[in-house]
Structure formats: structure tokens, C-alpha cells
A.B. asks: 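Just passing along the structure, written as C-alpha cells.
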Amino acid sequence: MILKKLVLIDGNSIAYRAFFALPLLNNDKGVYTNAVYGFTTMLMKIIEEDKPTHMLVAFDAGKTTFRHKTFSEYKGGRQKTPPELSEQFPLVRELLDAFQIKRFEAENYEADDIIGTFAKEAAGEEWQVKIYTGDKDLLQLVSDNVTVSLTKKGISQVEEYTPAFLHEKYGLEPKQIIDMKGLMGDSSDNIPGVPGVGEKTALKLLKEFGTIEKVLDSIEQISGKKMKERLEENKEQAMMSKDLATIFLEVPLDMDLNDLGFGEYESKDVVQFFKELEFKSLLEKFAPDEQMDEVQEKVEDLQFEILTDIKKEQLSSPAALIVEVLDEHYHQSEIIGIALVNETGRYYLSPETALQSEVFKAWLKDETKKKWIFDAKRAVVLFGWQGVELTGVEFDLLMASYLLDPSHSSHDMDDIVQRKNGGYVQSDEVVYGKGAKRKAPEEEVLAEHLVRKAQATFDLKEPLENELKENEQFELFYDLELPLSLVLGQMELTGVKVDKAQLVQMGEDLEERLSKLEQDIHELAGQSFNINSPKQLGEILFEKLELPPIKKTKTGYSTSADVLEKLAGKHEIIDHILHYRQLGKLNSTYIEGLLKVIKEDSSKIHTRFNQALTQTGRLSSTDPNLQNIPIRLEEGRKIRKAFIASEKGWKIIAADYSQIELRVLAHISGDEKLKEAFQEDMDVHTKTAMDVFHVKEDEVTSTMRRSAKAVNFGIVYGISDYGLSQSLNITRKEAAEFIERYFQSYPKVKQYMDEIVEEARESGYVATLLHRRRYLPELTSRNFNLRSFAERTAMNTPIQGTAADIIKKAMVDMGNELEGGNWKARLLLQVHDELIFEVPDEEVNDFLKVITDVMENAVELDVPLKVDAEIGESWYDAK
DNA sequence: GCAGGCACGC
DNA sequence: GACGTACGTGCCTGCT
């Protein structure tokens, strides 16, 4: 027997689910696409996994159906379909047409009825029917050859109901779903049911009597006076509800099953559709080759020369310059090729040709020759390792893209170029491969790829600069971030010296203590196990030792520090585990991790700062991350002893801004009391405690100060009442009250918070002092969580982002000072509110004044900025 | 090679 | 009431 597989999809239901499950994506034309996107992913999954031979998508038509005749309030009180969703329905239809999937809607009937009718048609043994929907009503159609897959969470997770599974889950036969609804009603369809009967009662009644009719015939036998009354009074309503919930199986159809065949479609139609909607990832999945073909076609059009000798005339200004490496860890990695585009032509240079050419090197160093680059910092570092200086950077495509909208998940060249319509550039992954297989292609291919990149950089300079100007971000770009790239590049090249022997010594010490702790823990547990495995640890603690599991994770028991701390008094093993974790972290991440990246010949570490990543404007640091070296606990803080000056007779200076975020908040909110704290140079947490608890300075207890500090922390980082409750170990309600009291004490802060959210909702973004932007489309989301998160982000980003602006400005100013002031001192690191320098002894005193002065005057606020600068032999001592 | 759990800094 | 709650990086385990 030939098995035919029919898939029936409830179009409205799935589109709704997708719409609410996904954030409100839109493409460059401003068209919302999240529902279509979700629908498409689900459709592709169905096609791939179910391999249907026949397929149909049913839609609801019009506003009224035959059910409205029975009950005019049917589906009353429903929220109007959001326009952002309605406008996507035509796109869903286009999608189905592209796949040549039949769709059907019928006046007076709902999608359910159409699906039911077709499912009934396909009752013969040769048919296997699978229904996709988010609507539990359809479960009534489940039978031996019909399954119903309900969307569970999001859109891609479904649960497939067979008669057996339905029985297991609810103890019901498919037909009883209708009785169920008749009894309990359905608020979303405005079906009344019997008031006072919910899921539990309905299930109980049906288990006993089978159907609504039998329940109503046997009211006498039902326990509970109230329940009897209710059933008696609502007999008719119950029967009507059952009627409404019953799927109609006789919808007049003008097509039959044979018309629903699926499989013959033109993939170019689908590709076309995906392209229009900018479904890049789906496109790659659907037709990976298609994309490459097209790109290569365009690349062929481009004429360029491979130079073996560079003439001065070819180095006109301005020029787009691409310097390529394969390794994302670009320190000391080999340049694989260089491309140049300017008004004289398009050129590719092998690294040898370029680096051996004095003409080229002189051009790089010449500040009057303007360079347009992608990732200027990387270029500075790459040439820097070759002993070649790069100046005159006038444009950085990466930085421009980041400043215009930091939220894009990728600022890879090919993505930016596509987003900004700058022609076609292949993705590096396609050209070089990925992972272990990543390698340089033959020269001709590489040259083409790099020249395309240079051309795109050249072409995009003007339009992106214009966009920056429209956003009032050109100064941010040109006067702050671009010069900062060069400062950061220099910092990365300089590196920071590390006392390797000291780290090794600390590591040996740690190893010894760890193995002792491990023994103790195994002994206390009565068996040996891997303490580093949360899974095994959880089994020991919560099963073998029967400690109370306080929190669960997706996969099992939580063993995080806050859980363990709550268990501390209950078993001796807990303290040992906490200690083991602490030392283990130090050893693996900081001792072993740092030792791995020390450069052999110089004993230095060269981190990379990512200047185009965070949503707030902060920097990040990788390979290694030097922005999270321990400080809180003395044990870890000792790691900092290994960070020393690179030359004899030099010192480390660490200069940090005191409470910079709260000062920024005082400035932008204009709150008098908060400003007072800083104008009088008070301890801000004590001041907050005084204001919030209405006490005098000497009446502030340590608990009060601790609470005030946590609230200040929450304000700065935009945490929720839930977050505050976690950090203070209090209830959510108490945390909310705290926040309320804080706002009463600082009314202008409250006013700022309200206004910034409102402004952001209207404009779509928030901005910092120096016009850095963050777009927050989710402020208008109907999803409470997404919206709340966006609101806290709106309040917090101008604070944290302005602080980031300020220290960046200070870094640029310090960069100029170091360049022009005849100093030997060097800037080494930035840790968000702190700058680390190495300074020769003879400069220390003067330089300390300069640092403080430059940092405190980086910008002018309504409150003073305060910097604490300390000197020491190591980073540890500079405290 | 990837996801999840955990922990470090600001 | 709301299924997840500052960000970013990196280590380890345990699975594919």
C-alpha cells in the first residue's frame, strides 16, 4: 500500500505563535518579518522531517462564521490583531505560493473546520495525517491515522498527540475534548462553559460520566451543593459551548485531496522570497551554493592589478586599505594580503611586496595620506608588529557600523556591506573556511576577495559618514573613537609585563592546596567524584547527603555559590567545596590561563580590546581578558602582584574614577540631593542611606549602608526588583519598596527614569552624553519581560554609556599628552573606570598630577569628577 | 564543536 | 500573572 502523508497547518494559529514567540524583527525596508520568519522555520522543519506528500495551510476567513449565529458573542472581547502582525499575513501567503503549497480559506468557516474536513476525507488506510497548530481544540481530531502536533514553547518545539498520548496526559478520548470545552469554556474564544468549572473539575466529571450529556443527566449524583446548582443553571449554556467547540467536518470544498500534492516547486522562487525578506540564515540553509554563485558572478566584474612593485603615483590619497590575517588572534599573526583602492585604481599586494617597499611604508606613516580602513586598530597592530607605523586613518568602516547601531549581532565586513548596500563581499567563512580547515585560498581568489573589501570600504565611506552626521555622531566617530583606536592599538602592542616565576609559584601552591581539599571533600562525601562537575556534585549533595536542594537548573540541581552559601551550616563539606571552587577558578583561569598567553621572549601579555562590541559603549578584553583579574578576595587579588612594570626602576600607576556612574546620574537627572553628595565629597552609599532611611550620618548602620549600596548598584546596572532581592537576600516586595523609597528620596532621579523611557519609546533609541546610541525596539513589545528589560536598559544605558564616553575621552586626551609631552610613561590597560600605566620613577610625581588632571577634566559635568591614583611596584600594590 | 553551569570583574 | 531578569569572558563538563 502506498502511504500518503498529509500535513495540515493551522495558518493563523502558527503565525500568531511565531509572532509572539520572536522579537519584533524587521528588515532594512522597515517591514516586520518575525511571524513570517518563524512560520518559515517551522515549515522548513516540517518539510525536512515529515517529508509530506500532500500539504495544506488553512486560514480563518473574515470576521464572522456560522458559530456567530449560535452565539453572537463568539470570540468577543478578543484583542485586535496587532497591525505589525496583520501586515505579515500577505507575506505568509507569498511564502506558501513560493513553495507551491495549497492554502485554503472559506467564508463562514474557521481554519479548524477546514482542517477537520480534510482530515476526515483522508480517513482511508493509505493516508497518514499530521496537523500543526497551537490550538488545543484540534485535539478532538486525533485518531489512529491523525496526529495533532501542538506548539509547546516558542515555535520549533512541538508535542505530537496520538490517541495514546492524549489518554496518558489527560485521561481523555479525543472526542471528549469537546465535552471538556463545553464544561470549562474558553476565555480566548469567549466560550462561556459552566462558571466555576475549571480544568480539574471538568476532567473529574468526564472521567466519571464520559460526556456532558451524561453529566447533565446525572446531576443528582454529583457531590457539592454549589456544583449541582451551577450545572443545573447552566445546562443550556454548557450544551451550546459544546456545540461551539465542535469542529465542523462538512465544509464545502472546491478541491479534493489529490489537489494538495506537495513537492514540485521552483527553488528560485523560494530564494527570491528569502532574499526580499533578508532571511540570510535560511537562505544559506536552503541554497548554500546559489548564494556563492551569485557573489562570484559579481566579483568577476571587478578589474584590479596584482602589483609586485609599488609606484608613488599609485598611492594617492585618500585610499581604502585592507590588511588581512586569518587568525582572529591577530597579535604576531602573519599578514596574508593587502588591498588598496583609490582613484588611480585597484591593487592587490602580497605582504612581501608591501612590507619590503619603502615607498609603501612611507605612505603608511604619512599622516597627510588619508586611509579608509576596516578595523583600524587591527591594522595598527598588524603593521606595528612589523615595525611599521600607520597614521592618517580617516575612516573605519567597522567603527562606523558599530556606532550607527551597536545591536547588530555581526559587524563582519560582508554583513555590513550587505546591510548598507555597498555591493557584494563574500563572507570570510566562505572564502577561508572555518575551524581547523581555515586557510588562505590561492592568490587570485584572495586578491579578488580583498579588493572587493577595499572597494566596499571606499564606496561606503561617504554614505556612512553622512549617516553619522545625520545622527549627530560624527564627532563621536572622528574625534573620539577613531583616535581611541590608535591609542588602544598602541596599548595592545605595548602589552603588560608579567612575573612568570611568581605565577608559577602561586600555581604550585594552589595545586597543593587543591589536592588536599579534594581529598577532604571525597572523604566527607564517602566516595571520589569530579567536584568540577555540577552534575556529579549535585548527586552527592542532594541525593547521597540528602541536603535540601534550594534551586534547580534546566538540567538538574543548582550548585551555584549562592545555593551553597545557604547550605553552609548544614554540612562540613560545603565550606570545603566553596573553597575548592574559589581556588580552582584562580588556578585554571588566572594562573594557567595567563601562563598560556605570556609571550616567551618579552614576558609580556598582549590582550585585545574589542572596541565594537558592547551595547553600552564599554570596551571588552579577550585572549586574555584583563578586565576581570580578581580583586574582591585577597586570595585572588594576589594575582595582581604578578603584573609589573616592564623596565627596571619603573612603577605601576592605577587611576580610577570614583563613583563615576552615580556622578553621571547626578548630572543628567539634576537631582539636588544626589549632586550634594558629590559636591560635598561624601561617601555616596552613606549619603544614600541617610536620605533613604531619613537618619543622620552617625546613625547609619552597616546594614543600612549595605542596602543603600545595593540599591545604588541596581540603579547603575539597571537591575530589577528581582535582581535587588537576590543581591540583598530579601523578598521581591521588600526590594520593590526599597526602590520606591529611593525614588522618593531622589525625585529627580525618578523623573529622569520616567522621561528617558518615554523619550526612548518615541524616538526608538537612547543616547549618551557624546551621542552614542542604543536602539530599543522592544520598548513597544507586548511581552512584559521584553518590555521591562528594554525599560531598564533605557534607564541604564545613558548612565553606563556616558561613563564609557568619559573614560574614552580621557584615554584619547592621555594619548595626546603622552605623544606630545615628552613622557616615557605608557598607558597599558583600561578596566571600565580605571586606567593602568607604567611610569619611570623620575616621572612618577609629575605624571600622577597629569593623569588626575586629565581624567578629572575629560568632560565637564554639574558635579566634579574624582580620580584616585595610586603607585606601586605591581598592580597589586597600586591600590 | 557546542551548550550549560559556574565564577570573575565592573 | 507574565516561563527570566546588568554585561562580557573564559573555564570545565558532558554531549554530539
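Heavy atoms only: backbone and side chains are in, while hydrogens, waters and symmetry mates are out. These figures come from a predicted structure and were not determined experimentally. Chain A is the first sequence line, chain B the second, and so forth, proteins listed ahead of strands; every chain is numbered from 1.
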A.B. asks: What is the pairing partner of dA2(C), taking Watson-Crick or G-U wobble pairs with both distances under 3.5 Å in any strand?
C.D. replies: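 Answer to the pairing question: none, since dA2(C) forms no Watson-Crick or G-U pair.
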A.B. asks: How long is the line joining CD1 of I591(A) and C1' of dC8(B), in whole Å?
C.D. replies: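 Rounded to whole Å, this separation is 14 Å.
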A.B. asks: Let's see if you can work this out: which of dC8(B), dG4(B), dG8(C) has an atom nearest to the side-chain heavy atoms of Q582(A)?
C.D. replies: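 The nucleotide sitting nearest to the side chain is dC8(B).
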A.B. asks: Check whether any side-chain N or O of R632(A) sits under 4.0 Å from OP1 or OP2 of dG9(B), and answer yes or no.
C.D. replies: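 Indeed, a polar side-chain atom of R632(A) lies that close.
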A.B. asks: Got a salt bridge between E592(A) and K596(A), using NZ or NE/NH1/NH2 to carboxylate O under 4.0 Å?
C.D. replies: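 Looking at K596(A) together with E592(A), the answer is no, because their closest N to O distance does not fall below 4.0 Å.
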A.B. asks: For E661(A), answer base if it contacts any base atom (sugar-phosphate contacts may also be present), sugar-phosphate if it contacts only those atoms, and nothing otherwise; contact means non-hydrogen atoms under 4.0 Å.
C.D. replies: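 The answer is nothing, as E661(A) stays clear of every strand by at least 4.0 Å.
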A.B. asks: Do K750(A)'s NZ or CZ and the ring of Y752(A) fall within the cation-pi criteria of under 6.0 Å and 45°?
C.D. replies: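 Cation-pi check for K750(A) and Y752(A): fails.
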A.B. asks: Need one value for R581(A): base, sugar-phosphate or nothing, where a base atom within 4.0 Å counts as base even if backbone is also close, heavy atoms only.
C.D. replies: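 The residue R581(A) makes sugar-phosphate contact but no base contact.
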A.B. asks: Using the rule for Phe, Tyr, His and the six-membered ring of Trp, do F789(A) and dT5(C) stack at under 5.5 Å and under 30°?
C.D. replies: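 So F789(A) does not count as stacking on the base.
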A.B. asks: Once you apply the 3.5 Å cut-off to both distances, tell me the Watson-Crick or G-U wobble partner of dG14(C), or none.
C.D. replies: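 dC2(B) - that is the nucleotide pairing with dG14(C), both distances being under 3.5 Å.
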A.B. asks: At under 4.0 Å between heavy atoms, how does the protein contact nucleotides 9-16 of chain C? Give one character per nucleotide, 5' to 3', with B, S or -.
C.D. replies: BBSSSS--
A.B. asks: Between dG4(B) and dT5(C), how far apart are the P atoms? Round to whole Å, please.
C.D. replies: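 Nearest-Å result for dT5(C) against dG4(B) at atom P: 12 Å.
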A.B. asks: How many Å lie between CG on N783(A) and C1' on dG1(C), as a whole number?
C.D. replies: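 Atom-to-atom, N783(A) to dG1(C), this comes out as 12 Å.
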A.B. asks: Take the protein atom CD of Q611(A) and the nucleotide atom C1' of dC7(C), then report the distance between them rounded to whole Å.
C.D. replies: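 Distance, rounded to whole Å: 18 Å.
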A.B. asks: Which residues in residues 791-801 of chain A have a heavy atom closer than 4.0 Å to any atom of DNA chain C?
C.D. replies: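 Here the set is R792(A).
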A.B. asks: Validate the cation-pi geometry between K866(A) and F678(A): distance from NZ or CZ to the six-membered ring centre under 6.0 Å, angle to the ring axis within 45°.
C.D. replies: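 Relative to the ring axis of F678(A), which defines the angle, K866(A) lies outside at least one limit.
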A.B. asks: Inspect the contact between K544(A) and E539(A) and indicate whether a charged nitrogen and a carboxylate oxygen are less than 4.0 angstrom apart.
C.D. replies: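 Judged by the 4.0 Å cut-off on N to carboxylate O distance, E539(A) and K544(A) do not form a salt bridge.
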A.B. asks: Is the shortest heavy-atom distance from the side chain of Y590(A) to the side chain of P630(A) under 4.5 Å?
C.D. replies: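 Yes. Closest side-chain heavy atoms under 4.5 Å.
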A.B. asks: Donor-acceptor check, side chain of R787(A) to backbone of S781(A), threshold 3.5 angstrom: yes or no?
C.D. replies: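 Pair found, side chain donor or acceptor close to backbone of S781(A).
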A.B. asks: In whole angstroms, how far is the P atom of dC8(B) from the CG atom of L510(A)?
C.D. replies: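 Interatomic distance, CG of L510(A) to P of dC8(B): 13 Å.
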A.B. asks: Across the strands shown, which category fits S788(A) at heavy-atom distances under 4.0 angstrom: base, sugar-phosphate, nothing?
C.D. replies: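 The residue S788(A) makes no contact with any strand.
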A.B. asks: Are the side chain of S533(A) and the backbone of N530(A) linked by a donor-acceptor contact shorter than 3.5 Å?
C.D. replies: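 Side chain of S533(A) to backbone of N530(A): no pair is present.
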A.B. asks: From the set dA2(C), dG9(B), dG5(B), return the single nucleotide nearest to any side-chain atom of P630(A).
C.D. replies: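 So the nucleotide nearest the side chain must be dG9(B).
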A.B. asks: Using the P atom on both, measure dG9(B) against dG4(C) and round to a whole Å.
C.D. replies: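 To the nearest whole Å, 28 Å.
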A.B. asks: L594(A) CG to dG9(B) P: how many Å, rounded?
C.D. replies: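 It works out to 14 Å between those atoms.
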A.B. asks: Under 4.0 angstrom, heavy atoms only, what part of the nucleic acid is S720(A) near: base, sugar-phosphate, or nothing?
C.D. replies: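 Here S720(A) touches the bases of the nucleic acid.
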A.B. asks: Touch check for I629(A), heavy atoms < 4.0 angstrom, all strands: base, sugar-phosphate only, or nothing?
C.D. replies: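 Sugar-phosphate contact only.
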A.B. asks: Does E492(A) pair with K377(A) as a salt bridge, N-O distance under 4.0 Å?
C.D. replies: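 The answer is yes: the pair qualifies as a salt bridge.
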A.B. asks: Identify whether NZ of Lys or CZ of Arg in R774(A) sits under 6.0 Å from the centre of the six-membered ring of Y765(A) and within 45° of that ring's axis.
C.D. replies: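 No, cation not above the ring by the 6.0 Å, 45° rule.
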A.B. asks: Salt bridge check: are E755(A) and R761(A) linked by an N-O gap of less than 4.0 Å?
C.D. replies: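 No.
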A.B. asks: Write down the distance between NZ (K551(A)) and C1' (dT5(C)), rounded to a whole number of angstrom.
C.D. replies: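 So the NZ-C1' distance, K551(A) to dT5(C), works out to 12 Å.
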A.B. asks: Tell me the interatomic distance from L724(A), atom CG, to dA6(C), atom P, rounded to whole angstroms.
C.D. replies: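 After rounding, the gap between these two atoms is 11 Å.
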A.B. asks: Is the shortest side-chain N to carboxylate O distance from D428(A) to K434(A) below 4.0 Å?
C.D. replies: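 Salt bridge between D428(A) and K434(A), a charged N being under 4.0 Å from a carboxylate O: no.
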A.B. asks: In whole angstrom, what separates Q830(A)'s CD from dG9(B)'s P?
C.D. replies: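 So the two atoms are 17 Å apart, to the nearest Å.
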